[in-house]
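Bear in mind the structure is a predicted one, so any value in this text is a computation, not a measurement.
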Amino acid sequence: MKKRWWLLLGVIGMSVGLFNSCATQPQKFQNTETVYKAGLGKMVDIIAAYARADRAAPVPRAPLPLQTITKEILTNNEGQPTIYRLGHSSVLIHLDGEFVLTDPVFSERASPVQWMGPKRFHPLPLSLQDLPALKAVIISHDHYDHLDKTSVRTLDKKVERFVVPTGVGDYLRDWGVASGKIIELAWWQSFSLGSLQLTATPAQHFSGRGLTDRDRTLWASWVIAGRETRIFFSGDSGYFGGFREIGERFGPFDLTLIETGAYNDLWSEVHMLPEESVQAHLDLRGRAMVPIHNSTFDLALHDWFEPLERASVAAEAHGATVLTPVIGAPVNVRTPAPTQAWWRKFIAEGQIDLATQP
């Protein structure tokens, strides 16, 4: 019964997105290469895929490994550019002595309401009271697993600037954030905060939080550049030629944070398969890649560990460096230490049958 309940939620969520894509309203923003329009036929295919889904491990059966982040840890790493995965696409970045946070979603569920919807697999690795003052919060787009009203309101007093794609600022103003703290950028526009330069770059995705606001706000990837260090944050995106252009304009990158999760062949235009995520990293001329958008919420039909496994296999085939830190573990951006395939512990304990996976 519980499984069917979650399948129903998945179908409802996907159907809402597809309804938006079929609506007759004019589109304010669009992708450079692919106009994502899912007709009735694809909607039927997706609903059928959810109904047939029989996954071995949609969520972890035991607590995931997690490293607690304390004020002392943050202080000890102040001299080096460092990132900390907080979960899903929330990444705390320390660069040029400042802290930047991407897509903060600290609520229990990635959903319009907290009594239903995808529930997080793990607790936050740090207390919000221990979160340092933030030079900027960067938002990639307005979907609920990237833009969380409660998190924005909670963080507001700690944040100097919210840097968001065009149109997303309206949500923040409605939630009480002062207009002077909000910077809205179109693709290829930049904003400087001290020595940090934040540039909105293209992504191949879509936006909307309800039935009538499809593509009314922009979606973006981001270049986060310090004095000597460059980081790329993908937000959500299908694979497209824009990654190569971004790499040519702004690369090479010391680290790429690339979405690797919530994918399926049925909607691959707007969410990359793991192999495509690795190719995007190569296009961007990245030195090391951290797969994000995984291991926190169940948002698609693959097993929870699959994005990390497939990305690691693809990276090995291409000779690329992929880092898979446990949630909360610090990663030195310039000289990262090797990381472990920590999810394989679950395989070794018999919780996952790797032979059944693609």
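Phe99 is not connected to Ile183 by any chain of hydrophobic side-chain contacts under 4.5 Å among Ile, Leu, Val, Met, Phe, Trp and Tyr, and they are in different clusters. Both Ile83 and Phe233 are assigned to one and the same hydrophobic cluster, defined by single-linkage of ILVMFWY side chains at heavy-atom distances under 4.5 Å. Residues Ile93 and Leu323 are members of one and the same hydrophobic cluster, defined by side-chain heavy-atom contacts under 4.5 angstrom among Ile, Leu, Val, Met, Phe, Trp and Tyr. Both Val91 and Val163 sit in one connected hydrophobic cluster of ILVMFWY residues. Membership requires side-chain heavy atoms under 4.5 Å apart, directly or through other members. Following chains of ILVMFWY side-chain contacts shorter than 4.5 Å, one can reach Val137 starting from Leu92, so the two form part of one hydrophobic cluster.
When all heavy atoms are compared, the tightest approach of Ala203 to Asn31 is O-OD1, 3.3 Å. Closest approach of Gly328 and Pro125 over heavy atoms only: CA-CB, 3.8 Å. Here the shortest heavy-atom pairing between Ala262 and His293 reads CB-CE1, 3.5 Å. Considering all non-hydrogen atoms of both residues, His88 and Ile292 come closest at O-CB, 3.7 Å. The heavy-atom pair separating Ala280 from Met272 by the smallest distance is CB-SD, 3.8 Å. Residues Val278 and Ala314 share a closest heavy-atom pair of CG2-CB, 3.9 Å.
Between Val59 and Arg61, every side-chain heavy-atom pair lies at or beyond the 4.5 Å cut-off. Between Trp188 and Ile246 there is a side-chain heavy-atom pair separated by less than 4.5 Å. Residues Leu64 and Ile327 are not in side-chain contact: their nearest non-hydrogen atoms beyond the backbone lie 4.5 Å or more apart.
The backbone N or O of Gly194 sits nowhere less than 3.5 Å from a side-chain atom of Ser192 that would complete a donor-acceptor pair. Looking only at distances, a side-chain donor or acceptor of Ser111 sits under 3.5 Å from a matching main-chain atom of Val113. A donor-acceptor pair is defined here as one N or O able to donate and one able to accept, closer than 3.5 Å; no such pair exists between the side chain of Arg55 and the backbone of Asp303. A donor-acceptor contact shorter than 3.5 Å links the side chain of Gln204 to the backbone of Glu269. Using a distance-only test at 3.5 Å, with no hydrogens or angles considered, a donor-acceptor pair links the side chain of Asn264 to the main chain of Leu266. One N or O on the side chain of Arg109 and one on the backbone of Gly117 form a donor-acceptor pair closer than 3.5 Å.
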Full working for side chain to side chain donor-acceptor pair (under 3.5 Å) between Tyr239 and Glu275: CA-CA 10 Å; Tyr239 179 75; Glu275 296 77 15; over 6 Å; no
Verify ring pair (Phe, Tyr, Trp, His ring centres under 6.0 Å) between His205 and His146, making sure each step is shown before the conclusion. CA-CA 13 Å; His205 201 55; His146 295 264; 7.3 Å; no
Show your working on side chain to side chain contact (heavy atoms under 4.5 Å, CB included) between His318 and Leu282 and close with a plain yes or no. CA-CA 9 Å; His318 287 282; Leu282 296 173; 3.9 Å; yes
Could you go through the side chain to side chain donor-acceptor pair (under 3.5 Å) check for Ser221 and Ser234 one step at a time? CA-CA 4 Å; Ser221 58; Ser234 72; over 6 Å; no
Quick one, His281 with Phe232, criterion ring pair (Phe, Tyr, Trp, His ring centres under 6.0 Å). Give me CA distance, side-chain angles, the key distance, then yes/no. CA-CA 9 Å; His281 163 74; Phe232 176 79; 9.9 Å; no
Residues Asp174, Leu172; criterion side chain to side chain contact (heavy atoms under 4.5 Å, CB included); working and verdict: CA-CA 5 Å; Asp174 288 346; Leu172 276 60; over 6 Å; no
Starting from the C-alpha separation in whole Å, work towards a yes-or-no answer on side chain to side chain contact (heavy atoms under 4.5 Å, CB included) for Leu257 and Ile231. CA-CA 8 Å; Leu257 306 169; Ile231 296 173; 4.0 Å; yes
Could you walk me through whether Tyr84 and Ile73 pass the side chain to side chain contact (heavy atoms under 4.5 Å, CB included) check? CA-CA 11 Å; Tyr84 308 80; Ile73 289 175; 4.1 Å; yes
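Under the 3.5 Å distance criterion, with hydrogens and angles disregarded, no donor-acceptor pair is assigned to the side chains of Thr82 and Asn77. For the residue pair Asp265/Ser268, the side-chain donor-acceptor check at 3.5 Å is not satisfied.
Here the two rings, on Phe29 and Trp187, have centers that are 6.0 Å apart or farther. When ring centroids are compared, Phe243 and Phe240 come within the 6.0 Å threshold.
The CG atom of Leu218 sits 11.0 Å away from the NE2 atom of His141 when rounded to the nearest 0.5 Å. Atoms CD1 and CG, on Ile138 and Leu185 in that order, are 9.5 Å from each other to the nearest 0.5 Å.
Taking the salt bridge (charged side-chain N to carboxylate O under 4.0 Å, His left out) definition, one finds that Arg287 meets it with Asp254, sequence neighbours left out. Residues forming a salt bridge (charged side-chain N to carboxylate O under 4.0 Å, His left out) with Glu316 (at least two apart in sequence, or on another chain): none. By the side-chain contact (heavy atoms from CB on, under 4.5 Å) test, Leu308 is found to be paired with Pro291, Asn294, Ser295, Thr324, Trp342, Trp343, residues two or more places apart in sequence or in another chain being considered. Looking at residues two or more places apart in sequence or on another chain, you find a salt bridge (charged side-chain N to carboxylate O under 4.0 Å, His left out) between Glu245 and Arg249. With sequence neighbours left out, the side-chain contact (heavy atoms from CB on, under 4.5 Å) criterion links Asn76 to no other residue. Under the side-chain contact (heavy atoms from CB on, under 4.5 Å) criterion, Leu126 pairs with Ile69, Leu86, Leu131, sequence neighbours left out. Judged as a side-chain hydrogen bond (donor to acceptor under 3.5 Å, both in side chains), and not counting sequence neighbours, Asp130 has no contacts. Partners of Leu193 under the side-chain contact (heavy atoms from CB on, under 4.5 Å) rule, at least two apart in sequence or in another chain, are Lys135, Ala136, Glu160, Arg161, Phe191, Leu198. Partners of Arg173 under the salt bridge (charged side-chain N to carboxylate O under 4.0 Å, His left out) rule, at least two apart in sequence or in another chain, are Asp170, Glu184.
Salt bridge Glu309/Arg344: present, at least one basic N to carboxylate O contact under 4.0 Å.
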Output a table of donor-acceptor pairs, distance under 3.5 Å, between side-chain atoms of residues 222-229 and any protein atom two or more places apart or on a different chain; print 'none' if there are none.
residue : atom : partner : partner atom : Å
Trp222  : NE1  : Ile139  : O            : 3.1
Thr229  : OG1  : Arg334  : NH1          : 3.4

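Legend: salt bridge (charged side-chain N to carboxylate O under 4.0 Å, His left out) pairs involving residues 136-156, not counting sequence neighbours, sorted by first then second residue: Asp156-Lys181.
For Gln114, the CD atom sits in a packed shell: over 12 heavy atoms of surrounding residues, nucleotides or ligands are nearer than 6.0 Å.
In this structure, Arg230 is not positioned above the aromatic face of Phe250 in the sense of NZ or CZ being under 6.0 Å from the six-membered ring centre and within 45° of the axis. Annotation: cation-pi pair Arg209/Tyr171 present, NZ/CZ under 6.0 Å from the ring centroid and within 45° of its normal.
Through direct or indirect side-chain contacts shorter than 4.5 Å among Ile, Leu, Val, Met, Phe, Trp and Tyr, Val313 is connected to no other residue.
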